[in-house]
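Pasting a structure below so you can have a look.
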Amino acid sequence: MTESSTADYRAHFDATVAFANGGGLSAEGFRLDLPSADVAEADVARLFVQHLGLALVSSVQLSGLRIVEEQHRGSRGIDTASAPDAPDAPNARRVVDLSHTIRAGLVTYPGLPAPVITPHLTREDSRARYAPGTEFAMDVITMIGNTGTYLDSPYHRYADGGDLASLDLSTLVGLRAEVVHVDDSTSRGVPAEVFFDREVAGAAVLVHTGWDAHFGTPAYASGAPYLTEEAAAYLAGQGAALVGIDSLNIDDTEGGGARPVHSLLLAEGVHVVEHLTRLGELPARGARFTAAPPAVEGFGTFPVRAFAEL
């Protein structure tokens, strides 16, 4: 995929389906990914049936059909791999940085200390230690592990859980990414049903809420989207390797002190990455995700340079 990637298109419509063996189905305000803007109504109807996996359909009637330029959300039946700008095209590799920049004074989570950066050895002082024309800067950063974009290991939640040094790199590097775009959701809590059409086993499940637009501002601290407990149980049960979100917390921090999503995922060894950014630039499928912290013993959470390869 290149920086000048072609636009995505989606169809908006109502639908009425009749089945050959009786019965029917209706849908209002349905939205469906399209391979291009140049599709006939009959093609939209076919893709609708294919996306839902319907059998024995005798007729499909669409009404109010509109085709708009809009990011794909992962509808089944749309083969993005065959597009000219697909990730496996020659010389088309792109890396998207999904991490927030860490700087002195950065407030990531309200109430937690901001990073402090101080010099250990200034360039000026180093000149007396090295050959003429040679100088170095050595600095000390003091920060809590929950700074910027960071990964939680089981030790973050459980005293007997694996720490950062124990994590298997194969579960952190080059993971198949399932990106779920819910930035237009009308509810804060992301339900389990959102993930039912995804192959999440062994994948990095990245939840794009769009809340990263508020990062570093007071608005980031309240009203943030989160995963429901049922969603966490489903993802853990399906064998997700990692779950990430571009929000304040993967749990609902306004519902009391309980943290069921952290508890469920980390108990099953599912990594948690919070405060991601730029997830809106990723396709629903086809990217590879990496988020590897340093191997620190006796430590539960630490910033990562999270990125996706397209």
Hydrophobic cluster membership, Phe136 vs Val140, 4.5 Å side-chain cutoff: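 No: no chain of side-chain contacts under 4.5 Å links Phe136 to Val140.
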
State whether the side chain of His271 and the backbone N or O of Ser153 hold a donor-acceptor pair below 3.5 Å, judged by distance alone.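 The answer is no, because no donor-acceptor pair under 3.5 Å joins these two groups.
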
Is there a donor-acceptor pair under 3.5 Å between the side chain of Glu309 and the backbone N or O of Arg93?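 Side chain of Glu309 to backbone of Arg93, a donor-acceptor pair under 3.5 Å: no, none is there.
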
Shortest non-hydrogen contact from Leu175 toward Gly202: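 For Leu175 and Gly202, the tightest heavy-atom pair comes out as CD2-O, 4.3 Å.
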
Among the clusters formed by ILVMFWY side chains lying less than 4.5 Å apart, do Val116 and Leu121 turn up in the same one?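 Different clusters: Val116 never reaches Leu121 through Ile, Leu, Val, Met, Phe, Trp or Tyr contacts under 4.5 Å.
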
Determine, step by step, whether Asp212 and Arg278 satisfy the salt bridge (charged side-chain N to carboxylate O under 4.0 Å, His left out) criterion, reporting the C-alpha distance in whole Å, the side-chain angles of both residues, the deciding distance to 0.1 Å, and the verdict. CA-CA 8 Å; Asp212 58 318; Arg278 298 178 68 188; over 6 Å; no

List the steps, then state whether side chain to side chain contact (heavy atoms under 4.5 Å, CB included) holds for Glu297 with Tyr155. CA-CA 10 Å; Glu297 292 185 349; Tyr155 184 78; over 6 Å; no

Under the salt bridge (charged side-chain N to carboxylate O under 4.0 Å, His left out) rule, what do Arg157 and Asp152 come out as? Steps first, then yes or no, please. CA-CA 8 Å; Arg157 172 66 178 81; Asp152 294 338; over 6 Å; no

Which pair of heavy atoms, one from Gly105 and one from Ala114, lies closest together, and at what distance?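 Minimum heavy-atom contact is C-CB, 3.5 Å.
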
Looking at every heavy atom in both Pro293 and Val304, which two are closest together, and how far apart are they?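 Closest approach of Pro293 to Val304, heavy atoms only: N-CG1, 3.5 Å.
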
Do you know which two heavy atoms are closest between Ser247 and Pro225, and how far apart they sit?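 Smallest heavy-atom distance, with atoms named: OG-O, 2.8 Å.
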
Look at the side chain of Asp251 and the backbone N and O of Thr253, then say whether any donor-acceptor pair between them is shorter than 3.5 Å.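 No; zero donor-acceptor contacts below 3.5 Å.
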
Within-4.5 Å side-chain heavy-atom neighbours: Ile141 and Asp139: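 Heavy-atom side-chain distance check fails, nothing below 4.5 Å.
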
Heavy-atom distance under 4.5 Å between the side chains of Leu167 and Pro154, does that happen here?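 Yes; the side chains approach each other to less than 4.5 Å.
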
Supply the atom-to-atom distance Arg127 CZ to Thr134 OG1, rounded to the nearest 0.5 angstrom.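 OG1 of Thr134 is found 11.0 Å from CZ of Arg127.
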
Quick one: does any side-chain atom of Thr277 pair with a main-chain N or O of Ser99 as donor and acceptor, under 3.5 Å?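 Not at all, since once roles are kept as given, no pair shorter than 3.5 Å links the two residues.
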
Do the side chain of Ser75 and the main chain of His51 share a donor and acceptor less than 3.5 angstrom apart?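 Absent.
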
Heavy atoms, side chains only, cut-off 4.5 Å: are Val49 and Val17 in contact?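 No. Closest side-chain heavy atoms not under 4.5 Å.
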
State, to 0.1 Å, how close Glu178 and Ala203 come at their nearest heavy-atom pair, and which atoms those are.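 So the minimum-distance heavy-atom pair works out to CG-CB, 4.1 Å.
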
Can you find a pair of side-chain heavy atoms, one from His262 and one from Glu274, that are under 4.5 Å apart?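 The answer is yes; the side chains approach within 4.5 Å.
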
Looking only at atom types and distance, does a side-chain atom of Ser126 sit under 3.5 Å from a main-chain N or O of Glu135, one as donor and one as acceptor?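 No, the answer is negative, given that no donor and acceptor are paired below the 3.5 Å cut-off.
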
Evaluate the criterion side chain to side chain contact (heavy atoms under 4.5 Å, CB included) for residue pair Tyr9 and Asp38; output intermediate values, then yes/no. CA-CA 9 Å; Tyr9 293 92; Asp38 185 22; over 6 Å; no

Output the rest of the hydrophobic cluster of Val261: all Ile, Leu, Val, Met, Phe, Trp and Tyr residues reachable through side-chain heavy-atom contacts under 4.5 Å, sorted by chain and number.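 Joined to Val261, directly or through intermediates: Tyr158, Val180, Val182, Val190, Val194, Phe195, Phe196, Val200, Val205, Val207, Leu227, Tyr234, Leu235, Val243, Ile245, Ile250, Leu265, Leu266, Val270, Val272.
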
Check against side chain to side chain contact (heavy atoms under 4.5 Å, CB included), Asn249 and Tyr109: CA-CA 9 Å; Asn249 201 291; Tyr109 196 99; 3.7 Å; yes

Tell me whether Leu25 shares a hydrophobic cluster with Val60, the cluster being built from Ile, Leu, Val, Met, Phe, Trp, Tyr side chains joined at under 4.5 Å.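 Yes; Val60 is reachable from Leu25 via cluster members.
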
Is there a donor-acceptor pair under 3.5 Å between the side chain of Arg285 and the backbone N or O of Arg176?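 Answer holds: no.
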
Do His72 and Pro283 come within less than 4.5 Å of each other through their side chains, counting heavy atoms only?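 Sidechains of Pro283 and His72: no contact.
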
Between the main-chain N or O of Leu282 and the side-chain N or O of His181, is there a donor-acceptor pair closer than 3.5 Å?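 At least one qualifying donor-acceptor pair exists.
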
Is there a side-chain contact between Pro35 and Leu47 in this structure, where contact means two heavy atoms from C-beta onward sitting under 4.5 Å apart?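 Answer yes - side chains close enough.
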
ILVMFWY cluster, Ile117 and Met143 together (side-chain gap under 4.5 Å):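 Yes, it is one cluster - the side chains of Ile117 and Met143 are joined through contacts under 4.5 Å.
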
Between Tyr220 and His275, is there a side-chain heavy-atom distance shorter than 4.5 Å?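 SC-SC contact between His275 and Tyr220 confirmed.
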
Nearest 0.5 Å, please: how far is CZ in Phe307 from CZ in Arg288?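 One gets 12.5 Å once the value is rounded to the nearest 0.5 Å.
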
May I ask you to test the Leu98-Thr149 pair for a side-chain heavy-atom distance under 4.5 Å?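 When only atoms from C-beta onward are counted, Thr149 and Leu98 do not touch, as no gap falls below 4.5 Å.
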
For the pair Leu151 and Leu172, evaluate side chain to side chain contact (heavy atoms under 4.5 Å, CB included) and give the outcome as yes or no after the intermediate values. CA-CA 10 Å; Leu151 179 142; Leu172 301 166; 3.5 Å; yes

For a quick test of reading the model, state the closest non-hydrogen atom pair linking Leu248 to Trp211 and the distance between them.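 That closest heavy-atom pairing would be N-CD1, 4.1 Å.
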
Looking at CG of Leu65 and CZ of Phe30, how far apart are the two atoms once the value is rounded to the nearest 0.5 Å?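 Nearest 0.5 Å value for the CG-CZ distance: 13.0 Å.
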
Side chains of Asp246 and Thr209 only: does a donor on one sit below 3.5 Å from an acceptor on the other?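 A donor-acceptor contact under 3.5 Å links the two side chains.
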
Reported CG-to-OG1 distance for the pair Asn146 and Thr108, which is rounded to 0.5 angstrom: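 So the gap between those two atoms works out to 8.5 Å.
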
Reported CE-to-CG distance for the pair Met138 and Asp125, which is rounded to 0.5 angstrom: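 Met138 atom CE to Asp125 atom CG measures 11.5 Å (nearest 0.5 Å).
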
Distance, nearest 0.5 Å, that separates CD of Glu41 from CD of Gln61: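 Rounded to the nearest 0.5 Å, the CD-CD separation comes to 8.0 Å.
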
Are any side-chain N or O atoms of Ser26 and backbone N or O atoms of Thr16, one a donor and one an acceptor, separated by less than 3.5 Å?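 Side chain of Ser26 to backbone of Thr16: no pair is present.
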
Does Glu193 CD have over 12 foreign heavy atoms under 6.0 Å away?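 Atom CD in Glu193 is packed in, count exceeds 12.
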
Just checking, is any N or O donor in the side chain of Asp168 or Ser170 under 3.5 Å from an acceptor N or O on the other one?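 On atom types as modelled, these side chains qualify, holding a pair under 3.5 Å.
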
Has the side chain of Arg198 got a donor or acceptor atom that lies under 3.5 Å from a matching backbone atom of Ala284?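 Side chain of Arg198 to backbone of Ala284, a donor-acceptor pair under 3.5 Å: yes, one is there.
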
Is Phe299 reachable from Tyr150 through a run of hydrophobic residues whose side-chain heavy atoms are each under 4.5 Å from the next?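 No, no single cluster joins them.
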
Using side chain to side chain donor-acceptor pair (under 3.5 Å) as the criterion, point out the one residue from Asp197, Asp8, Asp184 that pairs with Arg73.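 It is Asp184; the other options fail the test.
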
